[in-house]
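What follows is a set of notes on a single structure, which appears directly below.
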Amino acid sequence: MVIPRVSPGDGQRSGPASGRGVGRARRTLLARLALVVSAGLVLYWSGPPRDLWWLAPLAVAGFVLAVRRIRARAGFGYGLLFGLAYTLPLLGWLLDFLGAQFGPWPWLGVCLVESLFFGLAGAGAARVSRLPGAPLWQAAVFLTAEVLRSSLPFGGFPWGRLAFTQTGGVLLPLASLGGTALVGLGAALVGAGLAETLVRLPWFRRDVAARSGRERRSTGRGRLFVVPLCAVLVPVLGGLAVLPTVGATASSDTATVAAVQGSAPNVGLDLLYRDRQLRLNHIRAARRLADDVAAGRVRRPDFVLLPEQVGSWGPERRDPALRRIAERIGSPVIVGGLAYGPDGRLSNRIVRWGPETGASGEYVKQHLVPFAEKIPLRSVAGAVSPFVRRFQQDMVAGDEPGLLRAGSVRLGVGICYDVAYDDVFRQAARAGANLFALPTNNAWYGHSEMSHQQLAMARLRAVEHGRSMVVAATTGVSAVVRPDGSVKRRTEQFTAETVVSEVPLRSSNTVATFLGRYVTWLVSALGVGAVLTTSLRRYRDRAVEPVR
């Protein structure tokens, strides 16, 4: 081993230079911190209810620049800060809901857990930033972290995925080819490509070379920008190319649908114990619809959709009020509610009430909300969740696709939280659904952004599978979404409204219906493979490094 000798003169000369180096490092650190926090806030601002989809790639660009060519440990820290800057305002409705009784801790806890996955994205993006074609690998790493947080822990929490910010943009048509994974990859790729374009600009490269004291090597300008420009243009041009095909498939038939929003008082957490009032409001609204149909003021719908948690049924499935409404209208009434099975287990279900057959079809919610419909760590969860006292037992999850029949309508259904996951409506489309429905209950979240965020997910699912989507919410936002993702009709929050609309019935499937899951696996494989490649390369380089 060779130990360099340092003379007193050398030490004196290195003092000022060392001081300048420390100051430069401090300024770089502050710049990266400001950039990554700003990027997280910009990503939040890009999403619903704002239609600023083009901000999302800019946010990814800031994130990629902040972690570019630094150590993975530092990348994790920057990614964590990015995640907190994004999720704290994104999930602010959790604070509105639980803050009065439990303080900020449930909100902060969920945001911190979610941000850990952004930390992993930061570590991975830093690690792959030195690879050729870095924008592709950085985008894949970002999406891989999204897939992880959509699965872990306790079944995951996909809220705020990158694709859900794109419902008004040019990348949305990609959902019909590869679902949320392809839309998210496109947005991340555009952002990473913009970042790489910036760092390859001559003035930026000269500045970096001057600050590092290294001589800048010249490269042909054409070759220099090929990769980043492809990363930016390919997703955008792909979305524009697919756009004419979205929602353009001929309809096999049409149906008239009615979505009932009975509303409820805006009392937040107290509404958890006002099931009777919630039910009565919706029964009254459904009866008014029946009166309008009988008087000829409203066209008779093919079915009536009521929101989640309107009913409550035992194993025998009796509900005279709903059956009388179905008889008066002459069409099935499809209602969400809590139900006990013959084994005494509780579940969140959608039940079809026919005018002659009564309860004749059901769907059991597949994705249960952690610490609400299922309570991990029940003995301690009472400190952060009101549902521990509300439900003395965990609900059971379903495993069958939701498909309910109403005349010519084969209705694919999911309940509230189901819409955030890729599998529920994919299963329904593959089972033969020609129309989608989403009963939901967001009454305790007040006038927050939560319902708007959920509507964006419904719009993406409509494009992903080429189906219209009917959303029935207790207090809004209820809506009718066309197969191209546009909103045909919608309600305001905390108003009693009934939406009646004609919608197309589509039986043909998109590419995403059959291949969407494989796109997710492929993107995840690219992200994991890129990180493993850089890790193996670092290990190999260390192994061959000469010892002096």
Side-chain angles (χ1 to χ4, degrees), residues 43-44 47 76 79-80 82-84 86-88 90-91 93-94 97 106-124 140-165 175 178-185 187-188 348 364-378 381 384-385 387 394-399 401-402 414-427 438 440 442 450 453-454 456-458 460-461 464 512 516-525 527-528:
L43 183 56
Y44 158 70
F76 180 88
L80 182 67
F82 173 87
L84 288 171
Y86 177 44
T87 59
L88 285 171
L90 177 79
L91 305 179
W93 42 268
L94 279 176
F97 172 42
W107 168 63
L108 292 174
V110 172
C111 292
L112 179 59
V113 171
E114 293 302 291
S115 297
L116 292 174
F117 292 96
F118 288 99
L120 293 177
V141 164
F142 194 95
L143 265 293
T144 302
E146 273 200 350
V147 172
L148 283 175
R149 75 179 182 91
S150 300
S151 306
L152 301 169
F154 310 122
F157 190 60
W159 219 267
R161 292 185 67 172
L162 196 56
F164 299 146
T165 68
T180 54
L182 191 58
V183 176
L185 180 68
N348 192 349
V364 180
K365 187 177 183 181
Q366 296 187 51
H367 293 280
L368 302 179
V369 181
F371 298 97
E373 294 164 325
K374 61 177 180 181
I375 313 290
L377 311 173
R378 182 176 284 270
V384 295
S385 173
F387 294 94
D394 286 357
M395 297 186 190
V396 294
D399 56 6
I415 302 176
C416 190
Y417 193 52
D418 278 339
V419 74
Y421 291 84
D422 295 336
D423 57 338
V424 174
F425 287 102
R426 180 192 299 139
Q427 292 172 3
L438 181 70
T440 183
N442 302 326
M450 190 273 188
Q453 294 166 1
Q454 193 174 61
M457 301 177 201
L460 187 139
R461 300 303 175 200
E464 184 177 15
R517 71 175 71 179
Y518 303 111
V519 174
T520 302
W521 294 350
L522 176 60
V523 171
S524 300
V528 172

Rounded to the nearest 0.5 Å, how far does CZ of Phe76 lie from CG of Leu80?
5.5 Å
Leu460 side chain reached by Val419 side chain, heavy atoms, under 4.5 Å
no
Between CZ on residue Phe142 and CG on residue Leu185, distance to nearest 0.5 Å
11.5 Å
Here the gap from Leu182 atom CG to Thr520 atom OG1, rounded to the nearest 0.5 Å, amounts to 9.0 Å
Do Trp107 and Phe97 come within less than 4.5 Å of each other through their side chains, counting heavy atoms only?
no
So, the side chain of Gln453 versus the backbone of Leu90: is there a donor-acceptor pair under 3.5 Å, distance only?
yes
Look at the aromatic rings of Phe157 and Trp159 and report parallel, tilted or perpendicular, splitting at 30° and 60°.
parallel
Of all the heavy-atom pairs spanning Ala512 and Ala175, show the shortest one and how long it is.
CB-O, 3.1 Å
Could you tell me if the side chain of Thr180 sits less than 4.5 Å from the side chain of Arg461, heavy atoms only?
yes
For the pair Arg378 and Asp394, find out whether any cationic side-chain nitrogen is under 4.0 Å from an anionic carboxylate oxygen.
yes
Is any side-chain heavy atom of Leu438 closer than 4.5 Å to a side-chain heavy atom of Phe425?
yes
Whether Gln366 side chain and Ala397 backbone form a donor-acceptor pair below 3.5 Å
no
Show your reasoning for whether ring-ring contact (aromatic ring centres under 6.0 Å, His included) applies to Tyr417 and His367.
CA-CA 7 Å; Tyr417 193 52; His367 293 280; 7.3 Å; no
Side-chain (Thr440) to main-chain (Cys416) donor-acceptor, under 3.5 angstrom:
no
Passes ring-ring contact (aromatic ring centres under 6.0 Å, His included), Phe82 versus Phe118? Steps please.
CA-CA 7 Å; Phe82 173 87; Phe118 288 99; 5.7 Å; yes
Nearest-0.5 Å distance, CZ of residue Phe164 to CD of residue Glu146:
8.5 Å
Main-chain N/O of Ala381 paired to Ser385 side chain as donor or acceptor, under 3.5 Å
no
Donor-acceptor contact below 3.5 Å, side chain Tyr421 vs main chain Ser151:
no
Between Val396 and Leu368, which heavy-atom pair has the shortest distance, and what is it?
C-CD1, 3.9 Å
Which pair of non-hydrogen atoms, one from Ala140 and one from Gly527, has the smallest distance, and what is that distance?
CB-N, 3.6 Å
For a quick test of reading the model, state the closest non-hydrogen atom pair linking Ser115 to Gly83 and the distance between them.
OG-C, 3.0 Å
One thing to verify: whether Asp422 and Arg161 come together as a salt bridge, which I'm taking to mean a side-chain N less than 4.0 angstrom from a carboxylate O.
yes
What's the separation between atom CD in Glu114 and atom CG in Leu84, rounded to the nearest 0.5 Å?
11.0 Å
Does any non-hydrogen side-chain atom of Val113 lie less than 4.5 Å from one of Pro153?
yes
Can you find a heavy atom in the side chain of Leu43 that is under 4.5 Å from one in the side chain of Leu162?
yes
Report the C-alpha separation of Met395 and Lys374 in whole Å, then their side-chain angles, then the decisive distance to 0.1 Å, and conclude whether the side-chain contact (heavy atoms from CB on, under 4.5 Å) test is met.
CA-CA 6 Å; Met395 297 186 190; Lys374 61 177 180 181; over 6 Å; no
Which atom pair, heavy atoms only, marks the closest approach of Gly184 to Ala163?
N-CB, 4.0 Å
Nearest 0.5 angstrom please: Phe117 CZ to Arg149 CZ, how far?
8.5 Å
Would you name the heavy atoms of Gln427 and Pro401 that are closest together and state the gap between them?
CB-CB, 3.7 Å
